[in-house]
Amino acid sequence: MARANDEAAELVQELADLLSITGGEAFKVRAYEKAARAIAGHPEDIAALDLEGLRRIPNVGAAIAKKIADYNATGTIRQVEELRAEIPAGVRALTSIPTLGPKKAMAVYEELGVSSVPELARAIEDGRLRGLRGFGAKTEENILRGIELMRRAGDRVLVDTAMGLASDIVAALSRVDGCRRCVYAGSLRRMRETIGDLDVLAASDDPGPIMAAFTALPQVAEVIARGDKKTSVRTVKGLQVDLRVVPPEAWGAALQYFTGSRQHNVRIRERAVRAGLKLSEYGLFSASEEDGGLIVSATEEEVYARLGLPWIPPTLREDSGEIEAALDGTLPRLVTEEDLRGDLHSHTDLTDGTASLEDMVAAAEARGLEYFAITDHAPDLFMQRMTDEKALAQREAIRALQARHPGMTLLHGTELNIGPDGGVDWDADFLAGFDVCVASVHSHFTQTTAEATRRLLRACENPHVHVIGHPTARLIGRRAPLDADWDEVFRACARTGTALEIDCFPDRLDLPADLIRRARRFGVKFAIDSDAHAVGHFRNVRYGVGTAQRGWLTPEDVINAWPLDRLRAFLGGETPA
DNA sequence: GCCGTTTTCGGCCCGACTGTTTTCAGTCG
């Protein structure tokens, strides 16, 4: 269910897009874009705000406030409807073709009447773009290739895929003579859940050999652009990788710049300008001095400090309030992988895991965990063939194994299945025998909002359910999230002391970061769980931690960052601290 | 269209690269 905020933000963004196509003033376009982001990220429900309340949203002034009020009253924005009548939806879609922006989209529409991606492809085949000002042979070729790329869709990859590729490239380039430093930056450093392209940054006084090594990498399928400072390639799997090489002394400014996000950087640069400075990837400079004197650029910390800000963790750099928090000293102390004392969701080969109980426990101990819960599936997932007897036998096995692992407390848990009506496997008496119960949705993903909400609420209200596992049940790029009234669910979690899981699997990352941040405002607690089905899956925890950080979580918010006795009190039903 | 620790008017982040043009517009990040 889309929130009013999201729908209104989408409309304002569409207004920005349509305005840029019709040649509207660039600053006005940018103002709409900024407002759209602010509306989407605003904690209050805009449906409940009057004009005065709407104006308190950052980057929303009198004009946009009126448009949102228009949306609240009518469900749409009049100016958007008018522009839609003028510009067919297909023309806006043209701008999603790489290398084709608003100007070219408008040109083909006005000159040739082209108003959809397939029409544009046909126009090129027919040679109708020839002679159009600004369109040469190369442009045609680029557009056709862009369309083909879009057809292959799924152009973003999961974070673990990107991380694997980035690690390989960084390792290879780090070996090149003269390469002083090399790291990945961009959305991967910010730990976004999917990655559209990789940004790799290197420091050297002699970029030539690094550029040469980069384009010669075995993963490279084609070179898109090649220069002294920047080279872009596409890998055999279709992912674009941009390499920037900067002088070593510019490292901090360059890393800050190429980490983004773009919106965060715009805000940072605005601060620089207001202070009479100029920030670029080469450093922070005095804007007034004739020689544009360099002030700092060696480290990110210096750059932020000179602008009156503490260093801001990359996972927060989305211009969603982190700069304001940095200014009033309220940046959160983000939870890290080292903060995690335990893991509350894992499987063994008793159900669908691939490793034995002994191997999973040994791997958990190698992670340095203080406590570790085995939570195999319960009988309602019929294919898992769990029975009461097997569960009880596993409990005995865990008690016996405990003696061999004195440094780590083993917990016997289970992952219950939340049925369509919110019921779970096993009755209260049997459930009471487990140390921890995770309950998750594994089927019936397309219920109505009311049904899905009622279902999750009932699970929360079950006193034996401690954690809701992968709460939205989404699979990134493959399955949509449950359509629940999440604010209602968050209220129930806070009320009943039920934690929400952040499942660390790269194709789940569930709860997603935006919902984590919303849930936190209700006082909900979280569990960052591996959901490991094999020893190797513990490696995914960093992605779950990244997601938690993007949701602004501190160790205080995460029950498996707590000492065991505090966790036990929480599981025992005491009201959350 | 928004905004203000110089401003209620006059600014608004900045640079790299491509492609199409003979000095620059468009796109991208």
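Within every chain, numbering begins at 1; the chains are lettered A, B, ... in the order of the sequence lines, protein sequences first and strands thereafter. Here the structure is a predicted model, which means the values were calculated and not measured.
In terms of phosphate contacts, A:T139 brings a side-chain nitrogen or oxygen within less than 4.0 Å of OP1 or OP2 of B:dT20. An OP1 or OP2 oxygen of B:dG15 is reached within less than 4.0 angstrom by a side-chain nitrogen or oxygen of A:K278. In this model, the phosphate group of B:dG19 is approached by a side-chain N or O of A:N142 to a distance below 4.0 Å at OP1 or OP2. Contact annotation: A:Y282 does not reach the phosphate of B:dC13 (side-chain N/O to OP1 or OP2, under 4.0 Å). Side-chain nitrogen and oxygen atoms of A:R274 include none within less than 4.0 Å of the OP1 or OP2 phosphate oxygen of B:dG11.
Annotation: A:R84, atom CZ; neighbour count of heavy atoms from other residues, nucleotides and ligands within 6.0 Å is above 12.
Within the nucleic acid shown, A:L100 comes within 4.0 Å of sugar-phosphate atoms alone, with no base atom in reach, counting heavy atoms only. As judged by a 4.0 angstrom heavy-atom cut-off over every strand, A:E281 is placed among residues touching the sugar-phosphate backbone only. A:R133 comes within 4.0 angstrom of nothing in the nucleic acid, heavy atoms only. Residue contacts for A:F135: at a heavy-atom cut-off of 4.0 Å it reaches the sugar-phosphate backbone alone, with no base atom in range. Among the protein residues, A:A26 comes within range of no part of the nucleic acid, since none of its heavy atoms lies under 4.0 Å from any strand. Note on A:V29: nothing from the nucleic acid sits closer than 4.0 angstrom, heavy atoms only. Contacts of A:V266 with the nucleic acid, taken as non-hydrogen atoms under 4.0 Å apart, include base atoms.
With C1' as the reference atom, B:dG1 and B:dG19 are 33 Å apart, rounded to whole Å. Using C1' as the reference atom, B:dT18 and B:dT22 are 16 Å apart when rounded to the nearest Å.
Checking A:E44 against A:N5 by side-chain atom types alone, no donor-acceptor pair falls below 3.5 Å.
Straight-line distance from the CG atom of A:L132 to the P atom of B:dA25: 18 Å, rounded to whole Å. A straight line from CD of A:Q256 to P of B:dG29 spans 18 Å, rounded to a whole angstrom.
Take the nearest nucleotide of DNA chain B for A:A62 and for A:I97: the residue whose nucleotide is more 5' is A:A62.
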